[in-house]
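Comments concern the structure below.
Computation of the quantities below employed the complete heavy-atom set of this structure, encompassing side-chain atoms and omitting hydrogens, waters and symmetry-equivalent molecules. Worth saying up front: this structure is predicted, and the values here are computed from it rather than measured.
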Amino acid sequence: MIWFQRLLLCLFLAVPTFAAAQDQCRGVDLIDALEEAERQKIFEEAAAEQFGKGLFWRAEKDDTTLTIFGTYHFKHSKSEVHLERLKPFLDQADKIYLEISNEDQAKMQVALTKDPSMMFIVEGPTLADMLDKTTWQSFQKEMQARNIPSFLAAKFKPMWAAMMLGIGPCEAQAGALEGGGIDQLVGEYATAIGNPSRSLEQFDELLALLDDMPVEQQLNMIEMSLAWPGNMDDLSYTIRERYLNEEVALTWIFSKYISLEFGGETAEEDFAKFSELLLERRNNDWMTVLDDEVSDGDQVVIAVGAGHLPGEIGILRLLQKRGYAIERLPLFED
């Protein structure tokens with residue numbers, strides 16, 4: 001579930017962080033560090049996933065062409081390079097879609113400011129009361145490592161707290177939450193060329209979706225993240241580097257492995273619920289938007305989190321079921 005936490009986080013939250021180069025956040029590749037049998041199993045499962053490797057795709061049906069890019073929501077060393085690769089397609093697009101457009105993200109930030117209850121507990125027990133003493137102390141320590149004071153950490157709704165644990169302390173201190181990810185860059189470029197990005201979903205519906213998960217399961221997510229014995233900076237490094245190597249399904253399978261291995265008795269149920277809510281349901285909803293808004297002959301660019309691309313419930317397979325021919329494109333031109 002940590003993969004989900006990272007994919008969602010920067011859509012919602014901006015906090016002050018120290019300025020530093022994210023490239024300084026190195027680490028150990030946790031997939032390489034696995035025992036041979038475990039590593040081999042994960043690679044085999046990833047290889048079996050449809051459209052499991054690749055960030056850049058074309059979907060064609062008759063005269064309609066969709067150019068699809070799997071994003072990483074945080075800024076990284078190749079963000080500007082990826083944007084340059086996308087620019088010719090953006091220049092030619094009739095429509096440009098993000099999960100939530102830059103304009104709607106700005107509206108969402110205003111809404112969150114006006115109504116703190118969308119993000120924070122404003123009455124009743126806080127996380128300091130909901131978590132047992134040992135877990136609360138561990139959570140406090142992790143939040144302080146991300147420059148978030150205890151009084152604020154206690155007020156987060158459990159889902160938001162869990163999402164905060166999905167980013168490594170080094171990334172948080174290096175400015176990962178300050179913006180500049182490829183989603184934002186695509187939206188800014190789309191505005192600059194006079195073709196503003198469109199939303200595949202409404203932010204209020206997404207926020208409601210986050211509240212849809214029972215509080216007990218949200219608290220389980222916090223406990224699972226804290227129970228994991230690994231180093232979160234190493235996990236951040238692993239996810240980022242595997243993304244840059246276009247190994248999307250591998251990252252997903254590894255996240256599932258961690259969740260099931262360290263998530264306790266309800267881990268499988270929690271993971272399935274989270275997957276249904278935040279991948280499968282959203283992917284299908286996005287397809288409905290595209291069905292309604294994309295016209296014959298349109299040239300369309302879609303930039304969404306890379307985790308939404310692969311597998312039977314991924315948007316590439318959903319497009320294929322609608323009659324689109326899917327082709328992987330080279331991320332870098334020769």
Single-linkage hydrophobic cluster, 4.5 Å side-chain cutoff, L86 and I68 together: no

Any residue meeting side chain to side chain contact (heavy atoms under 4.5 Å, CB included) with D115, in chain and number order, not counting sequence neighbours: S117, M118

E99 side chain to G305 backbone, donor-acceptor under 3.5 Å: yes

F203 side, atom CZ; L209 side, atom CG - distance, nearest 0.5 Å: 14.5 Å

Inter-residue atom distance I315.CD1 - R282.CZ, 0.5 Å rounding: 11.0 Å

Derivation and outcome, salt bridge (charged side-chain N to carboxylate O under 4.0 Å, His left out), residues K273 and E269: CA-CA 6 Å; K273 176 67 173 177; E269 177 187 345; over 6 Å; no

Those residues that, when tested against Q218, pass side chain to side chain contact (heavy atoms under 4.5 Å, CB included) (two or more places apart): P158, M159, M213

Charged N-O contact under 4.0 Å between K41 and E44: no

Heavy-atom neighbours of K114 NZ exceed 12 at 6.0 Å: no

Side-chain donor or acceptor of R146 paired with backbone N/O of E142 under 3.5 Å: yes

Side-chain (R198) to main-chain (Y97) donor-acceptor, under 3.5 angstrom: no

Contacts of D298 that satisfy side chain to side chain donor-acceptor pair (under 3.5 Å) - sequence neighbours left out: K95

Beyond-backbone contact of L55 with Y243, side-chain heavy atoms, under 4.5 angstrom: yes

Over 12 foreign heavy atoms within 6.0 Å of CG, D296: no

H82 and H76 aromatic ring geometry - parallel, tilted or perpendicular at 30°/60° bounds: perpendicular

Minimal non-hydrogen separation, S199 against S101, with atom names: OG-N, 2.8 Å

Chi angles and distances behind the side-chain contact (heavy atoms from CB on, under 4.5 Å) call for L319, M287: CA-CA 8 Å; L319 287 168; M287 287 300 106; 3.8 Å; yes

Inter-residue atom distance L112.CG - K107.NZ, 0.5 Å rounding: 14.5 Å

For the student: nearest non-hydrogen atoms of T238 and D29, plus distance: OG1-CA, 3.5 Å

Full working for side-chain contact (heavy atoms from CB on, under 4.5 Å) between L185 and E188: CA-CA 5 Å; L185 297 180; E188 290 173 351; 3.9 Å; yes

Option passing salt bridge (charged side-chain N to carboxylate O under 4.0 Å, His left out) with E246 (candidates K78, K53, R328): R328

Pair E247-N245, side-chain donor/acceptor within less than 3.5 Å: yes

Crowding at CD, E35 (>12 non-hydrogen neighbours, <6.0 Å): no

Same apolar cluster: L207 and V304, side chain cutoff 4.5 Å: no

Contacts of Y257 that satisfy ring pair (Phe, Tyr, Trp, His ring centres under 6.0 Å) - sequence neighbours left out: none

Salt-bridge present (E84, K87; N to O < 4.0 Å): yes

Inter-residue atom distance H73.NE2 - Q184.CD, 0.5 Å rounding: 12.5 Å

Student check: side-chain heavy atoms of F139 and L165 closer than 4.5 Å: yes

Side-chain touch S77/L244, heavy atoms, less than 4.5 angstrom: yes

Which atom of Y72 lies closest to which atom of D183, heavy atoms considered: O-OD1, 3.9 Å

Transitive ILVMFWY side-chain link L66 to I313, under 4.5 Å: no

Heavy-atom check, side chain of V300 versus side chain of D94, under 4.5 Å: no

Minimum heavy-atom distance between S236 and G168, given as atom pair plus value: OG-N, 2.9 Å

Polar contact flag, side-chain donor to acceptor under 3.5 angstrom, S150-Q144: yes

Heavy-atom side-chain contact between E36 and R39 under 4.5 Å: yes

Connected via hydrophobic side-chain network under 4.5 Å: V122 and V215: no

Residue pair D291 / R322, side-chain heavy-atom distance below 4.5 Å: yes

Shortest non-hydrogen contact from I193 toward L90: CD1-O, 3.5 Å

Note, L34 side chain near F254 side chain (heavy atom, < 4.5 Å): yes

Minimum side-chain heavy-atom gap K157-M163 below 4.5 Å: no

R240 side-chain N/O to C25 backbone N/O, donor-acceptor pair under 3.5 Å: yes

Verdict with supporting geometry, F51 and L309, side-chain contact (heavy atoms from CB on, under 4.5 Å): CA-CA 7 Å; F51 312 113; L309 303 188; 6.0 Å; no

Considering all heavy atoms, the nearest L127-A161 contact: CD1-CB, 3.6 Å

CA sep, side-chain torsions, deciding dist, call: R317, E49, salt bridge (charged side-chain N to carboxylate O under 4.0 Å, His left out): CA-CA 10 Å; R317 177 61 177 143; E49 289 288 328; over 6 Å; no

Between CD1 on residue I167 and CD on residue Q173, distance to nearest 0.5 Å: 10.5 Å

Main-chain N/O of G27 paired to D234 side chain as donor or acceptor, under 3.5 Å: no

Ring pair (Phe, Tyr, Trp, His ring centres under 6.0 Å) partners for F89, two or more places apart: F56

Residues in side chain to side chain donor-acceptor pair (under 3.5 Å) contact with D129, at least two apart in sequence or another chain: T126

T67 side chain vs R58 backbone, donor-acceptor pair below 3.5 Å: no

Pair E201-V289, side-chain contact (heavy atoms from CB on, under 4.5 Å): steps then yes or no: CA-CA 8 Å; E201 60 194 343; V289 172; over 6 Å; no

Salt bridge (charged side-chain N to carboxylate O under 4.0 Å, His left out) evaluation trace for K256 with E45: CA-CA 11 Å; K256 182 178 180 181; E45 288 186 36; 5.6 Å; no

CZ-OH distance between R26 and Y237, expressed to the nearest 0.5 angstrom: 4.5 Å

Joint hydrophobic cluster, V248 plus F271, side-chain heavy atoms closer than 4.5 Å: yes

